[in-house]
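First the structure, in the form of structure tokens, and then the observations on it.
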Amino acid sequence: MAPWGYEKDNGPAHWHKDCPIANGKNQSPIDLINGEVKYDSGLKPLTAKYVPFSDAKFLNNGHSVQFQPSAGNGSELTGGPLAVKYNFEQFHFHWGNNDTEGSEHRVDGKMYPAELHFVHWNSTNPSFKDAVGSGGPNGLAVLGFFLKVGAENAALKPITDLIPKVKDAGTSVTVPSNFDMQAILPATLTDYYTYDGSLTTPPLAECVKWIVFKQPLEVSAAQMEAFRSVINRDGKPMGGNYRPPCPLHDRAVKTSFK
Ligand SMILES: COc1ccc(CNS(=O)(=O)c2ccc(S(N)(=O)=O)s2)cc1
Ligand SMILES: [Zn+2]
């Protein structure tokens, strides 16, 4: 099979051939249906401590644009539904070719123009890849933020300004060391949905504690257009790099808010 992608001939409907878990019972993303979620008063806020990075790359891997520090950067996530500390691995984006589509998770069937994922791995594992393969839903913790069009996002500007430099698949740039990743996050990480799911791209491993924030972040129309200028492995616009929602099966979606 051609490398996986989001086109007719290699998109989500084909992924099960190389990754049979695609038809599993704990797949992501899902449609977050407010009438079916359950408030859990035990869900406390999360704490993310992101330290400045000395040598981080921003890259186009053919299916997303991704911020990736060198291993062992000391940034970590704790609290919320998490029982242990998770190490930061990377963040990346999913977006559409217009403002009516682009996010992976949906809320009552509504899609946002984009979704930002912060990927973290369970620090009781020796490495990120061990965490992915550790079995069960506690290998990774991914923070999902919806993006909507509005004011310019000053915290994301150093990243969206780099997009023209990684327009083509396989290209990367070094991110200036004064980039402040912490500034992207809201001051308090409250009001989220959480459920056990999977990676939304191959290998689709069912190893993810998903934490999707209710409050979208804003980015400007110009910042959205920057994403839409990115080209994929086939030389086409990368927009549309989102997997459709998967069946919930017998999973519960909990919320930290009423
Ligand atoms: C074992 O070899 C491996 C392990 C993991 C990967 C994928 N890379 S990854 O884990 O960062 C993610 C893929 C999709 C993510 S999403 N959209 O759900 O946040 S995160 C590749 C090879
Ligand atoms: Zn993602």
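Every number for a ligand or one of its atoms is a count from 1 in the order of the listing.
For the pair Tyr242 and ligand 1, no heavy-atom separation below 4.0 Å is found. Under the 4.0 angstrom criterion for non-hydrogen atoms, His92 is in contact with ligand 1. Taking a 4.0 Å cut-off on heavy atoms, His94 registers as neighbouring ligand 1.
Checking side-chain atoms of Trp15 against main-chain N and O of Asn10 turns up a donor-acceptor pair under 3.5 Å. Proximity of a side-chain donor or acceptor of Thr160 to a complementary backbone N or O of Gln223 within less than 3.5 Å is not detected. Listed for the Ser256 side chain is a donor-acceptor partner under 3.5 Å among the backbone atoms of Tyr192. Listed for the His94 side chain is a donor-acceptor partner under 3.5 Å among the backbone atoms of Asn241.
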Practice item. I would like to know whether Phe67 and Phe53 meet ring-ring contact (aromatic ring centres under 6.0 Å, His included); could you show each step before the answer? Key: CA-CA 11 Å; Phe67 172 85; Phe53 305 102; 5.3 Å; yes
**Study point:** salt bridge (charged side-chain N to carboxylate O under 4.0 Å, His left out) assessment of Asp250 paired with Lys25
**Key:** CA-CA 8 Å; Asp250 54 359; Lys25 295 197 178 304; over 6 Å; no
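Under 4.0 angstrom from ligand 1, there are no non-hydrogen atoms of Phe93. With a 4.0 Å cut-off on non-hydrogen atoms, Ala205 does not touch ligand 1 at all.
Glu76 and Tyr86 form no side-chain donor-acceptor contact under 3.5 Å, judged by distance and modelled atom types alone. One side chain, His105 or Glu115, offers a donor N or O that lies under 3.5 Å from an acceptor on the other.
Closest to the Zn ion (ligand 2) among the N, O or S atoms of His117 is ND1. The Zn ion (ligand 2) is closest to atom NE2 of His94 (considering only N, O or S atoms).
Considering only non-hydrogen protein atoms, atom 11 (O) of ligand 1 sits nearest to Gln90 NE2, 2.8 Å. At the top of the distance list for atom 12 (C) of ligand 1, counting protein heavy atoms only, stands Leu199 CD2, 3.8 Å. The single protein non-hydrogen atom nearest to atom 7 (C) of ligand 1 is Pro203 CD, 4.0 Å, given as residue, atom name and distance.
The closest non-hydrogen atom to atom 20 (S) of ligand 1, taken over Thr200, Val119, Leu204, Asn61, comes from Val119.
Under the 30°/60° scheme for interplanar angles, the aromatic rings of His117 and His92 are found to stand perpendicular. A perpendicular orientation is assigned to the rings of Phe93 and Phe91, their planes being inclined by more than 60° (bins at 30° and 60°).
Numbered from 1 in the order shown, with element, the atoms of ligand 1 that lie under 4.0 Å from a heavy atom of Lys129 read 1 (C), 2 (O). Contact atoms of ligand 1 toward Trp210: 18 (O), 19 (O) (distance under 4.0 Å to a heavy atom of the residue). The distance from ligand 1 to the heavy atoms of Thr201 drops below 4.0 Å at these ligand atoms: 13 (C), 14 (C). Heavy-atom contacts of Phe128 reach the following atoms of ligand 1: 9 (S), 10 (O), 11 (O) (cutoff under 4.0 Å).
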